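Input: a single structure, listed below in structure tokens.
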Amino acid sequence: MHELLHEGVEYRVYPNLAKVSGIEQKALARYVDIPSATLSRRARSGRFKMAESDRLYRFAELFKAALDLFEGDAEGARAWLLKPNIGLGGRKPIEMSVTSAEYQTVLNLIGRLEHGVCA
């Protein structure tokens, strides 16, 4: 995985990630902080840069963690990710894959929820 992120994720991963998560591609680009012009360039080149790949990876990991929290219920996971959360200071979990600190905060919250600790 380390090498893949350094090389850059192939563009084809992006529409697949949007489809699997049920998040519209333009919205996903906003959540992972990839401007539309950059997204168009990456579509032509076929590969994301390392930093963009890392944000896509973090989003995928957050979606997987939410999916696990909701025992495979993709709609429940998606709804949770899109809803402002008091445990995140009113922010939506989906908005928190841009930085590693935000990403870790959401994963910590999911861990607490899985163990029945109030958020």
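Quantities reported herein were computed from a predicted structural model and do not represent experimental measurements.
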Leu81 and Pro93 have their tightest heavy-atom pair at O-CD, 3.3 Å
Does the side chain of Ser53 come within less than 4.5 Å of Leu4's, by heavy atoms?
no
Given Val106 and Asn85, is the side-chain contact (heavy atoms from CB on, under 4.5 Å) satisfied, shown in steps?
CA-CA 10 Å; Val106 178; Asn85 190 295; over 6 Å; no
Heavy-atom check, side chain of Arg42 versus side chain of Thr38, under 4.5 Å:
yes
Under the salt bridge (Lys or Arg N to Asp or Glu O under 4.0 Å) definition, can you give me all pairs with a residue in residues 82-107, not counting sequence neighbours?
Arg91-Glu102
Please examine the side chains of Pro15 and Gln25, heavy atoms only from C-beta on, and report whether any two atoms are closer than 4.5 Å.
yes
Which atom pair, heavy atoms only, marks the closest approach of Asp33 to Arg55?
O-NH2, 3.0 Å
May I ask you to decide if the ring planes of Trp80 and Phe70 are parallel, tilted or perpendicular, using 30° and 60° as cut-offs?
tilted
Among Asp54, Leu62, Asn108, find the residue that satisfies the side-chain contact (heavy atoms from CB on, under 4.5 Å) test when tested with Tyr103.
Leu62
Do Leu39 and Phe48 make a side-chain contact, defined as non-hydrogen atoms from C-beta onward lying under 4.5 Å apart?
yes
Carboxylate-amine/guanidinium contact Glu10 Arg12, below 4.0 Å:
yes
Would you check if Val20 and Phe63 make a side-chain contact, meaning some heavy-atom pair closer than 4.5 Å?
yes
Got Glu114 and Asp68 here, is their nearest side-chain heavy-atom distance under 4.5 Å?
yes
Evaluate the side-chain proximity of Leu113 to Leu109: yes if any heavy-atom separation is below 4.5 Å, no if none is.
yes
Result of checking Leu56, Val98, Ile94 against Val32 for side-chain contact (heavy atoms from CB on, under 4.5 Å)
Leu56
Going from CE on Met50 to OH on Tyr57, what distance comes out if it is rounded to the nearest 0.5 angstrom?
15.0 Å
Glu61/Arg58 ion pair, N-O < 4.0 Å:
no
Atom pair OG/CD1 of Ser40 and Ile34 - distance to nearest 0.5 Å
11.5 Å
Determine yes or no for a side-chain-to-main-chain donor-acceptor pair under 3.5 angstrom, with Ser21 supplying the side chain and Leu17 the backbone.
yes
For the residue pair Tyr14 and Tyr11, categorise the inter-ring angle as parallel (less than 30°), tilted (30 to 60°) or perpendicular (more than 60°).
tilted
